[in-house]
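The structure appears right after this line, and notes come after that.
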Amino acid sequence: MTAGKVHVFRRSEDVPIYRPSVYSRSAILDPYPRYRELRALGPVVWLARHRLYALPRYAECKAALRDDGTYLSGDGVAANPVVNRLSRGTTLNSDGPEHERRRRLVAHRLMPRALRGLGEAVDEQAHRIVDAAVRRGTVDAVTDVATVLPLAVVPDLVGWPHDQRDHLLGWGAATFDMLGTANWQALTAVPRSVQMLRFARRVVRERNVLPGSMAHELLAAADDGDIGRDEVPALLIDYIAPSLDTTISAISSAIHLFATHPEQWELLKADSSLLPNAINEVVRFESPLRAFTRKAGATSVIAGVSVPAGARVLALYASANRDEHEWKDPWLFDIRRDAGRHVGFGNGAHACAGQGLARLETAAVLRALLDRVERIETLGEPIWAVNNIIRRLEHAPVRLVAG
Ligand code: HEM
């Protein structure tokens with residue numbers, strides 16, 4: 001039934017075709033040559049293996065993200081139909097007024113004004129984490145530094161109960177992994193993601209949330225009849241699942257990039273006003289989120305290619321952020337370039353609701369490192385995680401040389 005639904009449209013004849021998988025293990029571990037090939041083929045490329053219209057270039061990717069009336073999220077943003085059918089009820093997977101209503105419910109907690117109160121506590125935590133790392137000298141940038149802060153901050157903010165927090169990282173990663181094509185990776189991720197949903201349902205049933213948290217506020221909205229109680233678990237997951245791996249990716253990539261580009265670290269040390277742009281450059285250069293899909297709600301034309309109604313379009317954020325048509329020397333990591341227009345946090349109506357928090361956490365760790373660390377040295381090749389959606393380091397041994 002689902003397959004019928006997906007295959008009703010025919011590939012447009014005027015589109016270049018790319019046959020290899022963009023979700024194979026090798027494509028996940030070494031994505032940039034593939035993205036370059038896709039961009040060279042054209043602004044719209046038919047991914048024969050996945051039956052998707054890929055948008056590998058910046059202009060078309062951004063335009064499609066902004067046209068949320070044509071390119072819809074309500075039928076899911078995954079690259080496989082099964083998961084798209086399962087993932088209902090989130091902010092990410094909704095359109096129009098429904099999307100606005102859901103986003104309003106929680107996004108105000110993540111606005112800069114609401115986050116201001118959190119800044120000092122996050123800075124203190126970041127300094128503690130970095131102090132401990134500097135004392136050790138040799139650390140894993142991922143497990144000893146980047147992972148610690150998001151895990152200390154986000155579950156409390158969302159109001160996730162203290163039990164089962166050990167599972168959060170695995171559950172969150174699985175929830176992303178499922179959103180790729182229906183490969184083995186995605187299939188084996190399903191049970192962990194379902195476990196997370198079950199636990200979220202139990203949390204709501206037992207009202208086992210932290211007082212004053214986002215979750216607490218959502219339960220109060222359900223009590224007042226503003227939202228259905230059955231909406232609360234998906235919304236909780238909507239905010240906790242994308243908040244860990246993504247930020248861990250940005251923080252660990254930042255450390256790794258400054259270790260491998262010592263001249264950029266020196267630039268940042270000499271002028272810390274570059275910090276906000278440095279974070280943009282990290283997210284541009286190693287975009288934590290590779291790609292999501294949209295369903296074409298109507299037949300449309302993108303850069304001369306006709307995309308039929310019902311087709312799936314793949315917004316390749318990570319490729320758009322390396323597009324040589326948009327960026328000068330996109331393969332260079334340079335914190336002085338104007339990186340603010342990257343699409344690493346998405347764009348348009350669905351642009352990341354948590355980017356303020358992600359920036360706050362990443363800035364706190366980098367500031368703590370700037371205060372204490374003269375230089376960062378890599379100690380061997382890093383290991384990248386294998387996930388259909390998230391690009392992030394799994395391990396990155398570094399030496400933090402104190403100032
Ligand atoms: C560096 C860290 C992060 C990156 C790179 C990132 C990236 C993204 C991207 C690309 C989207 C757009 C999805 C789309 O186009 O369909 C998005 C949406 C979203 N993100 Fe993030 N994210 C990060 C951190 C966070 C955090 C910390 C939270 C929560 C506290 C969060 C919550 C969300 C939510 C709820 C949405 C859906 C927004 C909507 O559909 O209106 N993200 N994120």
Side-chain angles (χ1 to χ4, degrees), residues 55 61-62 64-68 71-79 84 87 89-96 98-111 114-115 118 122 146 149-151 153-160 168 172 175-176 179 213-215 234-254 279-295 313-321 342-363 365-366 389-392:
L55 306 179
C61 178
K62 186 170 176 175
L65 291 172
R66 298 186 75 78
D67 185 359
D68 56 301
Y71 305 106
L72 308 174
S73 298
D75 277 334
V77 297
N84 279 333
S87 8
T90 60
T91 316
L92 187 67
N93 296 312
S94 50
D95 295 309
E98 190 59 35
H99 168 252
E100 276 165 38
R101 184 180 69 88
R102 289 194 178 135
R103 189 160 166 139
R104 245 196 329 267
L105 278 169
V106 263
H108 69 96
R109 288 265 184 168
L110 297 168
M111 300 302 274
L115 292 175
L118 207 65
V122 172
L149 188 65
L151 271 179
V153 172
V154 187
D156 282 348
L157 184 73
V158 174
W160 199 259
L168 273 179
T175 304
F176 273 121
L179 302 177
S213 63
M214 269 182 192
L235 286 170
L236 278 187
I237 289 178
D238 206 9
Y239 281 83
I240 195 114
S243 62
L244 298 172
D245 257 355
T246 49
T247 313
I248 294 168
S249 163
I251 298 173
S252 49
S253 285
I279 295 171
N280 281 326
E281 177 64 351
V282 169
V283 173
R284 180 195 74 81
F285 193 82
E286 287 293 6
S287 304
L289 229 152
R290 298 177 69 204
F292 275 154
T293 71
R294 298 288 191 263
K295 182 174 163 181
V313 167
L314 184 70
L316 274 160
Y317 317 104
S319 174
N321 285 337
H342 69 80
V343 289
F345 286 117
N347 206 276
H350 290 275
C352 181
Q355 60 181 289
L357 181 60
R359 288 177 197 278
L360 185 90
E361 293 174 75
T362 312
V365 172
L366 287 177
I389 302 294
I390 294 291
R391 174 160 175 85
R392 88 156 167 89

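Just so we're clear, the structure is a prediction, and the values are computed from it rather than from any experiment. Order of listing sets the numbers, starting from 1, for every ligand and every atom in it.
- With contacts defined as side-chain heavy-atom distances shorter than 4.5 Å, the pair E361/P150 qualifies.
- The shortest N or O to N or O distance between H99 and ligand 1 is under 3.5 Å.
- Across V154, V158, I240, a single residue satisfies side chain to side chain contact (heavy atoms under 4.5 Å, CB included) together with L168, and that is I240.
- For S73, the heavy-atom gap to ligand 1 stays at 4.0 angstrom or more.
- Checked by distance only, ligand 1 and R294 come closer than 3.5 Å through their nitrogen or oxygen atoms.
- Contact check for R392 versus F176: no side-chain heavy atoms found under the 4.5 Å cut-off.
- Scanning all protein heavy atoms for the shortest distance to atom 11 (C) of ligand 1 gives F345 O, 3.9 Å.
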*Could you please spell out the steps behind the salt bridge (charged side-chain N to carboxylate O under 4.0 Å, His left out) verdict for E98 and R101?*
CA-CA 5 Å; E98 190 59 35; R101 184 180 69 88; 2.8 Å; yes
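- The closest protein non-hydrogen atom to atom 18 (C) of ligand 1 is C352 CA, 3.4 Å.
- For atom 28 (C) of ligand 1, the nearest non-hydrogen atom of the protein is G354 CA, 3.5 Å.
- Considering backbone and side-chain atoms together, Y239 places no N or O closer than 3.5 Å to any N or O of ligand 1.
- Counting only heavy atoms from C-beta outward, the side chains of L157 and L110 approach each other to under 4.5 Å.
- Using cut-offs of 30° and 60° on the angle between ring planes, the pair F292 and Y317 is perpendicular.
- The option with the heavy atom closest to atom 3 (C) of ligand 1, from among V106, T246, L115, is T246.
- When side chains are defined from C-beta on, L65 counts as touching R294, because their heavy atoms get closer than 4.5 Å.
- With a 4.5 Å cut-off on side-chain heavy atoms, C352 and L289 do not count as touching.
- Within ligand 1, the atoms closer than 4.0 Å to a non-hydrogen atom of A358 are 1 (C), 2 (C), 24 (C), numbered from 1 in the order shown.
- Under 4.0 angstrom from ligand 1, the non-hydrogen atoms of H350 come from both its backbone and its side chain.
- Of the heavy atoms in P288, only side-chain atoms (C-beta onward) come closer than 4.0 Å to ligand 1.
- Not one N or O of E361 is nearer than 3.5 Å to an N or O of ligand 1, by distance alone.
- In F292, the part holding a heavy atom less than 4.0 Å from any atom of ligand 1 is the side chain.
- Given atom 36 (C) of ligand 1, the protein heavy atom at minimum distance is A353 N, 4.0 Å.
- By the 4.5 Å heavy-atom criterion applied to side chains, D245 and I389 are not counted as neighbours.
- Annotation for D75 and N84: closest pair O-CB, 3.2 Å, computed over non-hydrogen atoms.
- When P242, A250, C61 are ranked by how near their heavy atoms come to atom 32 (C) of ligand 1, first place goes to P242.
- With contacts defined as side-chain heavy-atom distances shorter than 4.5 Å, the pair P288/R391 does not qualify.
- Residue Q355 places no heavy atom under 4.0 Å from ligand 1.
- Protein heavy atom in closest approach to atom 5 (C) of ligand 1: G344 O, 3.4 Å.
- Scanning all protein heavy atoms for the shortest distance to atom 30 (C) of ligand 1 gives S243 CB, 3.6 Å.
- Side-chain atoms of R290 and L316, non-hydrogen and from C-beta on, never get closer than 4.5 Å to each other.
- Here L289 has side-chain heavy atoms under 4.0 Å from ligand 1, and that is the only part of it that gets that close.
- For the side chain to side chain contact (heavy atoms under 4.5 Å, CB included) test with T362, the passing option among I279, L149, I248 is I279; the others fail.
- Within the listing of ligand 1, atoms 13 (C), 16 (O), 37 (C), 40 (O) sit less than 4.0 angstrom from a heavy atom of L92.
- Here L357 has side-chain heavy atoms under 4.0 Å from ligand 1, and that is the only part of it that gets that close.
- Assignment of V154 to the shell around ligand 1 is not supported, since no heavy atom sits closer than 4.0 Å.
- In this structure, A349 has a heavy atom closer than 4.0 Å to ligand 1.
- Under a 4.0 Å criterion applied to the non-hydrogen atoms of D238, ligand 1 contributes the atoms 35 (C).
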